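Quick notes on the structure that follows.
Quick note: numbers below take in every heavy atom, side chains included, and nothing from hydrogens, waters or symmetry partners. Everything numeric here is computed off the predicted structure, so don't read it as measured data.
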Amino acid sequence: MSPKGVHYIVEVSGCDDTITVSFNKFPPNGVSGVVVISESHLSVHTWPEVNYMALDIYTCGAHTEPMLAVNYVLDQVKATHFHVTEITRGLDDNDQKFYHSFITWEEDRK
């Protein structure tokens with residue numbers, strides 16, 4: 001039972017209101033964007049007026065470390081709290097009937 005990918009859905013709170021990630025900007029200070037790289041993608045949507053970010057990270061394969069990317073983004077926006085739902089996708093029991101599983105957790109950051 002080897003997953004085809006891992007998808008992290010992250011709710012980020014307490015962000016620095018001077019988020020400087022440059023994707024598509026919209027007034028007054030928000031951004032939305034997506035980065036697609038080989039076998040992965042990252043999307044972000046921000047609401048600086050309430051210090052909130054919605055972050056999605058998808059990585060293909062069973063041997064990736066998406067939490068490294070999550071921590072990098074959290075550091076860049078100086079987040080004080082986050083909530084993660086990790087979805088392991090493309091699981092099967094060698095019968096070609098695919099399904100997913102998920103776990104969720106949250107943490108405060110200093």
- Task: Apply side-chain contact (heavy atoms from CB on, under 4.5 Å) to the pair Glu65 and Asn71, showing each step before the final yes or no.
- Result: CA-CA 11 Å; Glu65 297 184 53; Asn71 281 324; over 6 Å; no

Of all heavy-atom pairs between [X] and [Y], which one has the smallest distance, and what is that distance?
{"X": "Ser101", "Y": "Leu91", "result": "OG-CD1, 3.8 Å"}
{"X": "Phe82", "Y": "Leu74", "result": "CD2-CD1, 3.5 Å"}
{"X": "His45", "Y": "Ser32", "result": "ND1-OG, 2.9 Å"}
{"X": "Gly30", "Y": "Pro48", "result": "CA-CD, 3.5 Å"}
{"X": "His81", "Y": "Asp108", "result": "ND1-OD1, 2.5 Å"}
{"X": "Asp92", "Y": "Gln96", "result": "OD2-N, 3.3 Å"}

- Among Val70, Asp56, Thr59, Leu55, whose side-chain contact (heavy atoms from CB on, under 4.5 Å) with Leu42 holds? Leu55

- Under 3.5 Å, is there a donor-acceptor pair between the side chain of Asp93 and the main chain of Asp95? no

- Task: Kindly assign one of parallel, tilted or perpendicular to the pair Tyr52 and Trp47, based on the angle between their ring planes and the thresholds 30° and 60°.
- Result: tilted

- Check the pair Thr64, Glu39 against side-chain contact (heavy atoms from CB on, under 4.5 Å), reporting the backbone distance first and the verdict last. CA-CA 10 Å; Thr64 60; Glu39 301 182 349; over 6 Å; no

Which value, rounded to the nearest 0.5 Å, describes the distance between [X] atom [atom1] and [Y] atom [atom2]?
{"X": "Thr88", "Y": "Tyr8", "atom1": "OG1", "atom2": "OH", "result": "8.0 Å"}
{"X": "Met53", "Y": "Glu11", "atom1": "CE", "atom2": "CD", "result": "11.5 Å"}
{"X": "Lys78", "Y": "Asn51", "atom1": "NZ", "atom2": "CG", "result": "12.5 Å"}

- Message: Using a 6.0 Å cut-off, check whether atom CD of Glu49 has over 12 heavy atoms from anything other than its own residue.
- Response: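 Yes, enclosed.
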
- Message: Just so I know, are the side chains of Met67 and Ile57 near enough to count as touching, which here means a heavy-atom distance under 4.5 Å?
- Response: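 No, side chains not in contact.
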
- Query: Other hydrophobic cluster members with Ile9, side-chain heavy atoms of Ile/Leu/Val/Met/Phe/Trp/Tyr under 4.5 Å, chained?
  - Reply: Ile87, Phe102

- Task: Tell me, with the steps shown, if Val12 and Val77 meet side-chain contact (heavy atoms from CB on, under 4.5 Å).
- Result: CA-CA 9 Å; Val12 183; Val77 299; 4.2 Å; yes

- Evaluate the side-chain contact (heavy atoms from CB on, under 4.5 Å) criterion for residues Phe98 and Arg89: first the C-alpha distance (whole Å), next the side-chain angles of each, then the deciding distance (0.1 Å), finally the verdict. CA-CA 8 Å; Phe98 295 95; Arg89 302 184 63 182; over 6 Å; no

